[in-house]
Amino acid sequence: MTALLRAKNVVKHFRSGGQFGGTKAIIKALNGVSGRYPHGEVFCVVGESGCGKSTLARIIAGLHRPTSGTVHFNGTRMDNLSAAGRRPHRRAMQMIFQNPQESLNPRMTVRQTLAEALHFHFPATTASECEVKMLGVLADTGLSADTLSRYPHQFSGGQRQRISIARALIVQPQCIIADEPIAALDVSVQAQILNLLSDLRDKHQLAYFFITHDLSVVEHFGHQVTVMYLGLICETGSSKTLFKKPRHPYTQTLLQAAPRIGKPLATAKLPGEPPTPLAIPSGCAFHPRCPYANKRCRDDKPKLMRLAEGTVACHAVEEGRIAAE
């Protein structure tokens, strides 16, 4: 079956206004990312801040154009389309942002926010049809009808994120791209939003492209996982496989540092700080912090290698210095 989303060798470089090494700085946010994202599944992307997660999400959503590489949605190449050419596909791929206070227009009521999205994609919708659809998505997201007449500042953070979800849902998408949608919320509200997203996925047969740094979210919410480091993919696999037996040293460290109930809090045992995307290390980008690195790791960039389940880009795994099975 054709993948819902497909990215191939996606590169994204930004030109910085500052100086680095006497020339204009180039921020290498993505450096050849590929992936296939199936219909109806939750695909999570994890990694440290600055690894390129959000940039990848915005490229897939069409908010950025890649420097090179391709993005396909439902079999149609999207990265080379004009705004007008992309418009028929926008309805099927909606985005939820991290901070609902910033992503909702403070001058618009909830009614105006939902109606604007609906009329943009379905201009022939009548006022009565619009009302029915708005009440329907409010019910789906656990909000009451009197929500429509109020403004974003009159709601809590969790309620505002529910409104953002309703705005995405009202145009009947196939895929929702969620860029850390619970990071700005209180811990007590995060589980409610995750449960809501899970219920909506089952009810509407949605696929999620889910950006997060919270591994507990990935473990309980995701089907497939990609681990990124400095704009590159380290490892991919099902959430069950990845949490049971991570292969890449970076993935292993992330999981060791993740808090677990009944276990003492661990810390990441990696030397130094993550290198800057202004100057990606030669060879494997992770080699300056990797306990298994050798000369080949320093000189040659590893390619994604397919294993029994998923893929990994690591010379140490390939050579048997880290167990792959």
Side-chain angles (χ1 to χ4, degrees), residues 7 10 29-37 41-57 180 183 209-261 263-275 277 280-281 283-294 296-298 300-325:
V10 174
L30 295 175
N31 300 291
V33 174
S34 299
R36 294 172 63 88
Y37 314 112
E41 290 195 0
V42 179
F43 200 96
C44 295
V45 181
V46 299
E48 294 172 279
S49 296
C51 73
K53 305 186 301 292
S54 294
T55 301
L56 179 60
E180 303 219 39
F209 189 87
F210 201 91
I211 304 297
T212 183
H213 64 272
D214 190 333
L215 290 170
S216 63
V217 171
V218 176
E219 185 174 13
H220 298 291
F221 185 61
H223 295 119
Q224 299 290 324
V225 188
T226 284
V227 180
M228 290 185 63
Y229 184 83
L230 274 183
L232 295 160
I233 292 177
C234 296
E235 185 170 355
T236 69
S238 70
S239 58
K240 283 185 178 180
T241 300
L242 188 134
F243 277 84
K244 185 177 180 180
K245 192 157 190 177
R247 290 133 169 144
H248 197 284
Y250 179 59
T251 309
Q252 292 174 357
T253 303
L254 288 180
L255 294 179
Q256 289 167 5
R260 298 293 182 95
I261 295 175
K263 293 185 177 181
L265 185 63
T267 56
K269 299 176 182 179
L270 290 176
E273 296 293 327
I280 307 295
C284 174
F286 186 60
H287 87 256
R289 307 173 73 194
C290 180
Y292 302 96
N294 63 11
R296 185 186 179 197
C297 300
R298 293 189 291 271
D300 300 330
K301 179 180 176 181
K303 296 180 179 179
L304 279 173
M305 173 179 60
R306 185 163 296 280
L307 301 176
E309 287 190 45
T311 60
V312 63
C314 179
H315 294 314
V317 172
E318 180 186 352
E319 295 169 2
R321 291 185 278 124
I322 301 176
E325 300 294 340

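Looking only at atom types and distance, the side chain of Glu180 has a donor-acceptor partner in the side chain of His213 under 3.5 Å away. When only modelled atom types and interatomic distance are considered, Thr236 and Thr226 share no side-chain donor-acceptor pair under 3.5 Å. Thr241 and Glu309 share a side-chain donor-acceptor pair at under 3.5 Å.
The side-chain contact (heavy atoms from CB on, under 4.5 Å) with Thr251 is formed by just one residue from the set Leu215, Val46, Val227; it is Val227.
In this structure the side chain of Pro281 reaches within 4.5 angstrom of the side chain of Leu230, judged on heavy atoms. Counting only heavy atoms from C-beta outward, the side chains of Phe243 and Val218 approach each other to under 4.5 Å.
A donor-acceptor pair is defined here as one N or O able to donate and one able to accept, closer than 3.5 Å; such a pair exists between the side chain of Lys53 and the backbone of Gly47. Of the possible polar contacts, none joining the Ser239 side chain to the Gln224 backbone as a donor-acceptor pair under 3.5 Å is found. Between the Glu235 side chain and the Arg247 main chain, a donor and an acceptor come within less than 3.5 Å of each other. A distance-only check finds no donor-acceptor pair linking the side chain of His220 to the backbone of Val217 [under 3.5 Å].
By the side chain to side chain donor-acceptor pair (under 3.5 Å) test, Glu319 pairs with Arg296, Arg321, sequence neighbours left out.
Between Phe210 and Phe43, the ring center distance fails the sub-6.0 Å criterion. For His248 and Phe286, the gap between ring centers is short of 6.0 Å.
In this structure, Leu307 CG and Lys245 NZ are separated by 11.0 Å, a value rounded to the nearest 0.5 Å. The OG1 atom of Thr253 lies 9.5 Å from the CD atom of Glu48; values are rounded to the nearest 0.5 Å. For the atom pair NE2 (His287) and CG (Asn294), the distance works out to 10.5 Å, reported to the nearest 0.5 Å. Here SG of Cys234 is found 8.5 Å from CG of Leu254. Values are rounded to the nearest 0.5 Å.
Across every non-hydrogen atom of Pro288 and Cys284, the tightest pair is CD-O, 4.3 Å. Taking both residues in full, the closest heavy atoms of Tyr250 and Met228 are given as CE2-O, 3.4 Å, listed atom of the first, atom of the second, then distance. Here the closest non-hydrogen pair linking Gly52 and Leu30 is O-CD2, 3.5 Å. Nearest approach of Ile233 to Ser34, heavy atoms of both residues: CD1-O, 3.1 Å. Taking both residues in full, the closest heavy atoms of Gln252 and Ile322 are given as NE2-CG2, 3.8 Å, listed atom of the first, atom of the second, then distance. Residue Tyr292 comes nearest to Pro249 through the heavy atom pair CD1-CG, 3.8 Å, listed as atom of the first residue, atom of the second, then distance.
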Might you work through the side chain to side chain contact (heavy atoms under 4.5 Å, CB included) test for Val312 and Leu304, ending with a clear yes or no?
CA-CA 5 Å; Val312 63; Leu304 279 173; 5.8 Å; no
Output, in order, the C-alpha distance, side-chain angles, deciding distance and verdict of side chain to side chain contact (heavy atoms under 4.5 Å, CB included) for Val317 and Met305.
CA-CA 9 Å; Val317 172; Met305 173 179 60; 3.8 Å; yes
Evaluate the side chain to side chain donor-acceptor pair (under 3.5 Å) criterion for residues Ser216 and Asp214: first the C-alpha distance (whole Å), next the side-chain angles of each, then the deciding distance (0.1 Å), finally the verdict.
CA-CA 6 Å; Ser216 63; Asp214 190 333; 2.5 Å; yes
Worked check of side chain to side chain contact (heavy atoms under 4.5 Å, CB included) between Phe209 and Val42
CA-CA 6 Å; Phe209 189 87; Val42 179; over 6 Å; no
